[in-house]
Novice: 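Before I ask anything, here is the structure I am working with.
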Amino acid sequence: QLDYRFYDDSCPNLTRIVRYGVWSAMSNDTRMAASLLRLHFHDCFVNGCDGSLLLDGENVEKNGLANRNSARGFEAIDNIKANLEKACPATVSCADILAIVAREAVYLTGGPFWNVPLGRRDGLTSSQNAANQQLPSPFESLENITAKFTSKGLDLKDVVVLSGGHTLGFAQCFTFKTRLFNFSGSGKPDPALDTSFLQSLQNACPDQADSDTKLAPFDSTSSKFDNVYYNLLMNNAGLLQSDQALMGDNTAASLVSYYSKFPYMFSKDFGVSMVKMGGIGVLTRQDGEIRKNCRVNN
Ligand code: HEM
Ligand SMILES: [Ca+2]
């Protein structure tokens, strides 16, 4: 249903405008590439890639557990949308903007380029409950996370490949602090944590509530899209419990090992899995609308 050339006639400068918008957001804040990549994931996983994450309101996805005080980059999307409204009014959906933005964020941080199928339309509703139920949590088991992916037509390989998105960006201490001091009530740290990595995390996130919102990078090259994430998992230095959990499954662990050895294969497979993710539950043709402002329905 989606089409690589969907806007070729109606908005020929689309890629240029989006690339400039992502580039300028990144030049003010290098973390922005990470934050923008995550937005497309969080949009697609809750009722499909329909731009519903961008809607403002009371009980909207933005306010879900995984998004509140966490998802960022909405102003950058507003700027890109405003520039697109000037160049091609009422033409490009917010859902498609998120898909192209994610590709540009990866490309501009040294990652792969892939062609993005386009023609998504914007949904009219957004649900905080749906976000709470459908987005994976860092405290969930690999089985549960994989089940969330398979319910959307993705598979275990996609879980491993797309988790590689954690080659970019940061996590707040509260998302992994449970591993550092008293793991599942054991009085000890998570045994799956490398000891020197553990120490650096304990320094970054001391055992007191006011460290909860401090940040730690997912990998040592958090503004470069590379395969360092997989090297770290091989060394028990994955940041989130859900990252390191990939090593607890034979199939997933052998893919991790493969991507740590063959960065080119990670790049190639990442684009393939992103296109798959970008196809989840899309609205096309007469469904939904083309929002003029990504924060509100027309
Ligand atoms: C597999 C299940 C996943 C879980 C449990 C998970 C969980 C998390 C958590 C807890 C954070 C930190 C949020 C915060 O501290 O505020 C985070 C950040 C991030 N996630 Fe994931 N994630 C998953 C998959 C993905 C996927 C599929 C992508 C993209 C393809 C992705 C991209 C990112 C990025 C880039 C960041 C950093 C954002 C920033 O620095 O602003 N994640 N994720
Ligand atoms: Ca990296």
Side-chain angles (χ1 to χ4, degrees), residues 25-26 29-45 49 64-74 76 98-99 101-103 105-106 109-112 114 134-150 152 154-179 204-205 211-233 237-246 252 259-260 263 266-267 269-278 280:
M26 283 168 61
D29 172 3
T30 49
R31 183 183 172 196
M32 199 46 78
S35 308
L36 292 172
L37 169 60
R38 190 169 181 235
L39 291 182
H40 183 43
F41 164 50
H42 281 201
D43 181 33
C44 291
F45 260 63
C49 315
L65 290 170
N67 290 325
R68 197 179 337 154
N69 300 319
S70 179
R72 54 202 294 283
F74 297 109
L98 287 176
V101 160
R103 193 272 312 279
V106 170
T109 49
W114 62 91
Q134 299 178 35
L135 288 171
S137 133
F139 310 112
E140 263 181 304
S141 67
L142 181 61
E143 283 90 339
N144 276 355
I145 289 175
T146 305
K148 285 181 173 169
F149 276 66
T150 51
K152 318 237 169 248
L154 304 185
D155 58 25
L156 179 63
K157 181 176 178 182
D158 298 309
V159 176
V160 177
V161 173
L162 293 172
S163 292
H166 290 169
T167 182
L168 295 178
F170 296 80
Q172 301 177 67
C173 290
F174 78 86
T175 64
F176 56 86
K177 221 161 79 173
T178 48
R179 309 180 67 201
C205 307
S211 79
D212 276 359
T213 58
K214 291 195 170 148
L215 295 174
F218 275 104
D219 77 14
S220 50
T221 56
S222 62
S223 53
K224 200 175 173 321
F225 193 97
D226 54 22
N227 72 333
V228 170
Y229 171 79
Y230 296 106
N231 300 337
L232 292 178
L233 297 186
L239 187 59
L240 305 178
Q241 196 182 316
S242 52
D243 291 320
Q244 198 59 50
L246 295 175
Y259 294 133
S260 79
F266 168 51
S267 287
D269 290 350
F270 191 80
V272 172
S273 288
M274 285 295 286
V275 169
K276 244 171 116 177
M277 184 181 86
I280 298 172

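Numbering of ligands and ligand atoms starts at 1, following listing order.
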Novice: Suppose the cut-off is 3.0 Å; which protein N/O/S atoms would you list for the Ca ion (ligand 2)?
Specialist: Thr167 O, Thr167 OG1, Asp219 OD1, Asp219 OD2, Thr221 O, Thr221 OG1, Lys224 O, Asp226 OD1
Novice: Closest approach of Phe270 and Gly165, non-hydrogen atoms and distance?
Specialist: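 Residues Phe270 and Gly165, closest heavy atoms: CE1-N, 3.8 Å.
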Novice: Indicate the atoms forming the closest heavy-atom contact of Pro112 with Ser267, along with that distance.
Specialist: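 Reported closest heavy-atom pair: CG-O, 3.3 Å.
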Novice: Kindly give the heavy-atom pair with the smallest separation between Pro136 and Phe45, and that separation in Å.
Specialist: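 Heavy-atom minimum between the residues: CD-CD2, 4.3 Å.
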Novice: Given the rule in the side-chain hydrogen bond (donor to acceptor under 3.5 Å, both in side chains) test, do Arg31 and Ser222 qualify, once you have shown the distances and angles that lead to the verdict?
Specialist: CA-CA 8 Å; Arg31 183 183 172 196; Ser222 62; over 6 Å; no
Novice: Testing the 3.5 Å rule here: is there a donor-acceptor pair between the side chains of Lys177 and Gln172?
Specialist: no
Novice: Could you list each N/O atom of ligand 1 together with any protein N/O atom closer than 3.5 Å, one pair per line with the distance?
Specialist:
residue, atom, partner, partner atom, Å
ligand 1, 15 (O), Gln172, N, 2.6
ligand 1, 16 (O), Ser70, OG, 2.5
ligand 1, 16 (O), Gln172, NE2, 2.8
ligand 1, 20 (N), His166, NE2, 3.0
ligand 1, 22 (N), His166, NE2, 3.0
ligand 1, 40 (O), Arg31, NE, 2.7
ligand 1, 40 (O), Arg31, NH2, 3.4
ligand 1, 40 (O), Phe170, N, 2.9
ligand 1, 41 (O), Arg31, NE, 3.2
ligand 1, 41 (O), Arg31, NH2, 3.2
ligand 1, 41 (O), Ser35, OG, 2.6
ligand 1, 42 (N), His166, NE2, 2.9
ligand 1, 43 (N), His166, NE2, 3.0

Novice: Are Tyr229 and Phe266 an aromatic pair by the rule of ring centers under 6.0 Å?
Specialist: no
Novice: Could you check Leu240 against Phe139 for side chain to side chain contact (heavy atoms under 4.5 Å, CB included), going step by step and ending with a plain yes or no?
Specialist: CA-CA 8 Å; Leu240 305 178; Phe139 310 112; over 6 Å; no
Novice: Determine yes or no for a side-chain-to-main-chain donor-acceptor pair under 3.5 angstrom, with Thr150 supplying the side chain and Ala147 the backbone.
Specialist: yes
Novice: Between Asp226 and Asp219, which heavy-atom pair has the shortest distance, and what is it?
Specialist: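 Shortest heavy-atom contact: OD1-OD2, 3.5 Å.
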